[in-house]
Structure formats: C-alpha cells, structure tokens
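Everything on this sheet refers to the single structure shown next.
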Amino acid sequence: MLVLTRKIGESINIGDDIKIRIMEIKGGAVRLGIEAPKSTAVYREEVYLKIQEENLLASSWQKVDLEKIGVAMKNVGRKK
Amino acid sequence: MEILSARHGKMEITPEQILEFKGGLIGFPDYDRYVLLPFMEGTEFELLQSVDHGNLGFVVVDPFLFRKDYEFEINDSEQEELKAESPDDLRIRVIVTIPEDPKEMTANLQGPIIVNQKGQVGKQIILHDSDYSTKYRIFPDSE
C-alpha cells in the first residue's frame with residue numbers, strides 16, 4: 001500500500017482522470033473531494049460491502065424454498 | 001433463445017428481453033446480462049435471472065407494494081447510463097433475501113435495481129445518504 005502525506009487543499013491524482021482533494025480535517029474526520037469520470041463508481045466502503053453482502057445472501061436462496069415463498073408472497077399481494 | 005435456470009427450469013426468452021447491467025450487480029461483476037421474469041403465478045414477485053449463469057438469480061419485488069413512500073434520486077450519470085428519457089421508462093425493483101423462515105424475508109432498500117426495458121439496460125444503484133436498510137422486513141408484524 002502506498003501511503004502519502006497531504007495537507008488541506010492538496011490533492012492526489014490516480015491515473016489521468018481521477019483526482020482526490022483534501023477539503024477539510026476536523027476531529028477525526030477528513031472530508032475529501034473526488035473528481036472522477038462518470039463511468040467510475042465511487043462508493044463508501046462500508047456501504048459498498050453491506051450491499052455486496054446482501055446481494056450474496058439474496059443469491060443463495062434454494063429451490064426447496066419455493067413453496068414456502070409462494071405462500072409468503074401471496075400474503076404480500078393481499079396487503080395492497 | 002433458451003436459458004436453463006437452476007430454480008426455474010428451462011425458460012424461453014427473446015433477445016429483446018435481455019437487460020445489460022454494465023459491470024454486473026455489486027459482488028457479481030462477471031455477469032452482466034439478466035432477464036426480468038414473472039416468478040410465481042398469483043404473486044407480485046419477479047425473478048432477475050442471469051442469462052449466462054443458470055444458478056444466479058435474484059427474487060425481486062416492486063418496493064412500492066410495501067413502502068408507498070419509498071423514494072430516491074438518481075444522478076445524471078446514472079440517468080444517462082439507464083438511457084432514461086423520462087421516469088416512465090424506468091421500473092424500480094428491490095432484491096429480496098429469503099431466510100429459512102420466509103416470513104422473515106427482507107428487501108434491500110439501500111441498493112435498488114432500476115430497469116429500462118425499452119433501452120434494455122439495468123443497474124443496481126447504491127443510496128449513500130439514505131436511511132434505508134439493506135434488510136427491510138417485508139412482513140413487519142408477523143411473529
């Protein structure tokens with residue numbers, strides 16, 4: 001891992017088109033400004049990991065669940 | 001064309017049904033083609049099935065069925081990626097996680113799926129600054 005020291009207002013460039021600027025440092029928190037191409041997704045890590053974990057869980061449902069699910073789903077339909 | 005789903009058996013689909021998810025779903029970058037299919041008769045649930053991997057499929061549902069006040073904004077780049085000319089082009093779905101007891105099933109409201117069937121694209125977006133849960137109970141009052 002590359003570790004760099006930066007001051008407020010300074011930036012780092014990643015490749016040709018990603019720039020991260022240190023905007024503010026307050027308490028234990030750093031505010032970053034990120035410039036990146038639209039096609040580059042920028043995520044807070046903990047949120048990204050949470051979504052990833054939930055996707056993995058959601059993908060692992062089993063065929064045997066089908067019948068039970070059918071019952072539960074009909075209940076949702078009724079709730080409308 | 002035909003796809004074979006582990007959960008759903010053989011399914012006949014047309015090329016026009018295929019949705020491109022650029023970069024895949026989060027955690028599944030290798031699979032970027034899906035179809036959105038009715039799942040079980042008499043229910044509101046649908047199956048987001050990978051075209052290229054029969055074992056990969058997600059149960060999804062229209063979140064407005066159980067959260068009428070569900071709302072979020074999509075930014076310009078997401079809108080562009082989804083080729084959305086108007087909000088009417090887009091359908092919103094959320095992925096359902098089904099535990100052993102299906103009454104405890106939850107919906108991921110923080111990572112909704114947006115589909116533009118006309119443009120044949122789809123995308124999972126992350127709502128960073130929302131309080132929506134990844135584990136929202138669909139049947140909150142069941143024991």
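Chain letters run A, B, ... following the sequence lines, proteins first and then strands; every chain starts at 1.
- Here the CD1-NZ distance, from B:I26 to A:K50, works out to 12.5 Å after rounding to the nearest 0.5 Å.
- Hydrophobic clustering, with ILVMFWY side chains joined whenever heavy atoms are under 4.5 angstrom apart, groups B:I114 together with B:Y132.
- Contact record, B:G27 with A:Y48: N-OH, 4.4 Å, taken as the closest heavy-atom pair.
- For A:R44, the CZ atom is densely surrounded, since the number of other residues' heavy atoms within 6.0 Å is greater than 12.
- The number of heavy atoms from other shown groups lying within 6.0 Å of CD (A:E24) is above 12.
- By the rule that hydrophobic residues join a cluster once side-chain heavy atoms approach within less than 4.5 Å of another member, B:V94 and B:I126 end up as members of separate clusters.
- In the hydrophobic clustering of ILVMFWY residues, with side-chain heavy atoms under 4.5 Å counting as a link, A:L57 and B:F28 come out apart.
- Here the OG atom belonging to A:S60 is positioned 11.0 Å from the CG atom belonging to B:L56, to the nearest 0.5 angstrom.
- For B:H128 against A:V42, the heavy-atom pair with the smallest separation is NE2-O, 3.5 Å.
- Shown here is B:E73, whose CD atom has no more than 12 heavy atoms of other residues, nucleotides or ligands within 6.0 Å.
- For B:E80, the part lying under 4.5 angstrom from a heavy atom of chain A is the side chain only.
- Here the CG atom belonging to A:N55 is positioned 4.0 Å from the CD atom belonging to B:Q124, to the nearest 0.5 angstrom.
- In this structure, the side chains of B:T134 and A:E53 stay at 4.5 Å or more apart for every pair of heavy atoms.
- Inter-residue side-chain proximity for A:E54 and B:T97 is flagged as met; some heavy-atom pair is nearer than 4.5 Å.
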